[in-house]
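Bear in mind that the values here come from a model prediction, so they are computed numbers and not experimental data.
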Amino acid sequence: MTDKFDKVPGGPSVAAAPVSKATTVAPETIKAIPVRHYGRWISGVVVLALLAALAYAFSQGDIQWQAVQDKLFDDTVLAGAGRTLMISVLAMVLGVILGVVLAVMRLSRNPVTSWVAWLYIWFFRGTPVYVQLLLWFNLALIFPVLNIPFIYKDEMTDVMTPFMCALLGLALNEAAYMAEIVRAGIQSVDEGQTEASHALGMTQAKTMRRVVLPQALRVIIPPTGNEFINMLKTSSLVYAVTYNELLRSTSQIGSTSYAVMEMLFVASIWYIVMTSVFSVGQYYLERRYARGSLRSLPLTPFQRAKVALTSFSNRPSGGVSA
């Protein structure tokens, strides 16, 4: 029969000492001292000083700020801004539609359509928009009459109005860039999606329309928004074809009132307003299409401001407790 061993160190003669309950002492409050970033303060002061110097220089310049305020909402200026917005939207819509067609042609296995699409993109990306606008505006010099047999015949000068020149010049140029954006979006979709669609009996066109393009939108939307914002500013080049958009409207007022710089400031303000509004729309559109790829969407500017205000209001007055 085995003996029972005592597991208490020191043998059975050592008695277990009673454990007394010690009083719990609260830890001392830790005072967190933030790291001082002197470089940030110096750079901030330098930037503010430069901004103050720039504001002072403009305040001392011979600028009639009252003219800027008076002409900001002038009927002629508002009409010009409306035409700028209209030509930008129409040119962008046509550019997107033609860009999708060119991208599909570029990816086609047909060498003729692929080569034609490549040639189109090569030409319109290789020539400036300003030159393209002038080519359309002076098209009557080489084609005096537009003659489409059994369909339409008219003088080229009557067909190529300033609006038509501006629309074709901007839209056809934009189509070349949109074609490359759409092509990149299509190629970002896994080829297994296409193979699975074909295995289900879907045609090539139906696969592109129902499967590939909807998934490619997540890649296509962000640069398309940037292209539209750029289109708003590029539309000022149609001044060369005498289309009465924002820049031309303000320039006409400036030439008659001798407030040239003031009217350029008015045009700049309206361009900034339009691009800022559409930048906000682009942000929320990108956020919507990002739902399929991100587990948690990034906070909107309003949500970030709310979180910052909440954390600031809940900040303890003393130090940080351990």
Side-chain angles (χ1 to χ4, degrees), residues 85-127 129 132 148-152 164 166-232 234 278-298:
L85 188 59
M86 180 184 66
I87 197 68
S88 299
V89 172
L90 291 178
M92 195 67 198
V93 170
L94 292 178
V96 169
I97 295 174
L98 186 56
V100 172
V101 175
L102 289 170
V104 175
M105 291 173 60
R106 184 82 171 83
L107 296 172
S108 174
R109 296 180 181 178
N110 188 333
V112 176
T113 58
S114 179
W115 183 81
V116 169
W118 178 87
L119 185 64
Y120 178 97
I121 296 170
W122 170 77
F123 175 78
F124 282 96
R125 290 178 65 190
T127 54
V129 185
Q132 295 173 29
I148 303 177
F150 308 107
I151 298 178
Y152 185 80
M164 186 60 65
L167 182 61
L168 291 176
L170 295 177
L172 296 181
N173 178 80
E174 184 61 34
Y177 290 92
M178 284 304 305
E180 292 299 284
I181 292 173
V182 174
R183 183 173 67 90
I186 292 174
Q187 291 180 333
S188 68
V189 180
D190 189 79
E191 293 183 358
Q193 302 283 335
T194 303
E195 295 174 358
S197 301
H198 291 168
L200 293 174
M202 299 176 68
T203 62
Q204 184 70 26
K206 193 172 184 179
T207 299
M208 181 65 65
R209 188 175 66 255
R210 296 287 185 86
V211 178
V212 178
L213 284 179
Q215 297 183 67
L217 283 176
R218 181 173 54 86
V219 179
I220 296 173
I221 289 296
T224 302
N226 290 332
E227 286 295 314
F228 179 71
I229 292 173
N230 186 61
M231 175 69 73
L232 284 170
T234 307
F278 282 101
S279 296
V280 173
Q282 177 195 1
Y283 171 81
Y284 282 99
L285 190 61
E286 291 180 9
R287 192 171 183 273
R288 175 178 176 81
Y289 278 96
R291 293 184 302 178
S293 60
L294 300 177
R295 294 182 180 272
S296 59
L297 294 176

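Of all heavy-atom pairs between Met178 and Thr224, the closest is CE-OG1, 3.3 Å. Between Val189 and Ala216, the shortest heavy-atom contact is CG2-N, 3.8 Å.
Note that the OG1 atom of Thr234 and the CD atom of Glu227 stand 8.5 Å from one another [nearest 0.5 Å]. The CH2 atom of Trp118 sits 13.0 Å away from the CZ atom of Phe123 when rounded to the nearest 0.5 Å. From Gln204, atom CD reaches atom OG of Ser108 across 8.5 Å, with rounding to the nearest 0.5 Å. Taking NE2 from His198 and CE from Met202, the interatomic distance works out to 8.0 Å, rounded to the nearest 0.5 Å. To the nearest 0.5 Å, the span separating CG on Asn230 from OH on Tyr177 amounts to 9.0 Å.
Donor-acceptor pairing under 3.5 Å is recorded for the side chains of Asn226 and Gln282.
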Can you give each donor-acceptor pair under 3.5 Å made by side-chain atoms of residues 86-106, sequence neighbours left out, with the distance rounded to 0.1 Å?
from: Ser88; atom 1: OG; to: Thr84; atom 2: O; distance (Å): 2.7

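The closest side-chain heavy-atom distance from Thr203 to Lys206 is below 4.5 Å. The side-chain heavy atoms of Val211 and Thr194, taken from C-beta on, include no pair separated by under 4.5 Å. Put simply, the side chain of Tyr120 reaches to within 4.5 Å of the side chain of Leu172, judged on heavy atoms.
Of the possible polar contacts, one joining the Gln132 side chain to the Thr127 backbone as a donor-acceptor pair under 3.5 Å is found. No side-chain donor-acceptor contact under 3.5 Å links Glu180 to the backbone of Ala176. Ser188 contributes a side-chain N or O that, together with a main-chain N or O of Gly185, makes up a donor-acceptor pair within less than 3.5 Å. In terms of modelled atom types and a separation under 3.5 Å, the side chain of Tyr283 and the main chain of Phe278 share no donor-acceptor contact.
Counting heavy-atom neighbours within 6.0 Å of Arg210 CZ, excluding the residue itself, gives a total of 12 or less.
With sequence neighbours excluded, the residues satisfying side-chain contact (heavy atoms from CB on, under 4.5 Å) with Ser279 are Ile229.
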Verify side chain to side chain contact (heavy atoms under 4.5 Å, CB included) between Leu232 and Leu85, making sure each step is shown before the conclusion.
-> CA-CA 7 Å; Leu232 284 170; Leu85 188 59; 4.1 Å; yes

